[in-house]
Amino acid sequence: MHEISLCQSALELIEQQAQNHGAQRVTAVWIEIGVLSCVEESALAFCFESVCRHTVAQGCQLHLSYRNARAWCWDCSQEVAVTRHDAPCPVCSGHRLRIEGGDSLQIKQMEVE
């Protein structure tokens with residue numbers, strides 16, 4: 001389960017930003033997940049709650065959103081959005097896609113006190 005290491009890394013960034021801005025408490029965090037990241041949402045939420053215990057982010061609300069991957073279709077020369085590695089091109093149904101991104105996890109916003 002790689003969700004725990006993702007959450008630990010995210011918490012390090014959260015704590016660093018909270019300290020840089022003099023925040024006493026983090027009340028909410030918004031994280032964007034790439035649809036190709038193989039992150040299990042429920043496992044991520046569980047791990048996030050666990051790693052935040054006894055930190056400035058204890059009890060904060062976790063808001064998750066998903067971002068499609070972008071791909072270049074060699075068959076129709078279009079940039080398209082895809083949601084799976086094996087997805088066909090939504091424009092021409094071709095399968096010669098060069099996928100770019102979609103596998104990241106990014107902290108988008110934090111709410112602090």
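Please read these numbers as outputs of a predicted model, since none were measured by experiment.
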Hphob cluster co-occupancy, Leu6 + Phe46, side-chain heavy atoms under 4.5 angstrom:
no

Val91 with Trp72, same ILVMFWY side-chain cluster at under 4.5 Å:
no

Exam field: side chain Gln19 to backbone Glu15, donor-acceptor pair closer than 3.5 Å:
no

Measuring from Cys7:SG to Leu11:CG, what's the distance to the nearest 0.5 Å?
9.0 Å

Value for CD (Glu41) from CG (Leu62), rounded to nearest 0.5 Å, stands at 8.5 Å

Does the pair Cys73 and Cys92 meet the rule for a side-chain contact (heavy atoms from CB on, under 4.5 Å), with working shown?
CA-CA 9 Å; Cys73 179; Cys92 73; 3.6 Å; yes

Using the ring-ring contact (aromatic ring centres under 6.0 Å, His included) criterion, which residues pair with His63? Sequence neighbours excluded.
Trp30

Evaluate the side-chain contact (heavy atoms from CB on, under 4.5 Å) criterion for residues Leu44 and Leu105: first the C-alpha distance (whole Å), next the side-chain angles of each, then the deciding distance (0.1 Å), finally the verdict.
CA-CA 11 Å; Leu44 184 74; Leu105 185 131; 4.2 Å; yes

Quiz question: by atom type and distance under 3.5 Å, do the side chains of Gln106 and Ser104 form a donor-acceptor pair?
no

Examine Ile33 and Ile99 and state if one hydrophobic cluster contains both, with Ile, Leu, Val, Met, Phe, Trp and Tyr joined whenever side-chain heavy atoms are less than 4.5 Å apart.
yes

Glu113 side chain to Thr27 side chain, donor-acceptor N/O pair below 3.5 angstrom
no

Rounded to the nearest 0.5 Å, the CD1 atom of Ile14 sits from the CD1 atom of Ile107 at a distance of 4.5 Å

Any link between Val51 and Val26 through a network of hydrophobic side chains (Ile, Leu, Val, Met, Phe, Trp, Tyr) touching at under 4.5 Å?
no

Should we count CD of Gln109 as having more than 12 external heavy atoms under 6.0 Å?
yes

Nearest 0.5 Å please: distance from the CD atom of Gln78 over to the CG atom of Leu97.
12.0 Å

Could you state whether Leu13 and Ile4 fall into the same hydrophobic cluster, counting links through intermediate Ile, Leu, Val, Met, Phe, Trp or Tyr residues with side-chain heavy atoms under 4.5 angstrom apart?
no

For Arg53, check salt bridge (charged side-chain N to carboxylate O under 4.0 Å, His left out) against everything at least two apart and list the hits.
none

Test side-chain contact (heavy atoms from CB on, under 4.5 Å) on Arg98 and Trp74; report intermediate values, then the result.
CA-CA 8 Å; Arg98 181 185 70 214; Trp74 291 103; 3.4 Å; yes

Between CZ on residue Arg70 and CD on residue Glu79, distance to nearest 0.5 Å:
4.5 Å

For a side-chain contact (heavy atoms from CB on, under 4.5 Å) check, start with the C-alpha distance between Val29 and Gln61, then their side-chain angles and the critical distance, and finish with the verdict.
CA-CA 6 Å; Val29 175; Gln61 292 181 329; over 6 Å; no

Let me confirm one number: the NE2-OG distance from His2 to Ser9, rounded to the nearest 0.5 Å.
11.0 Å

Around Glu49, counting heavy atoms of other residues, nucleotides and ligands shown, do more than 12 lie under 6.0 Å from its CD?
no

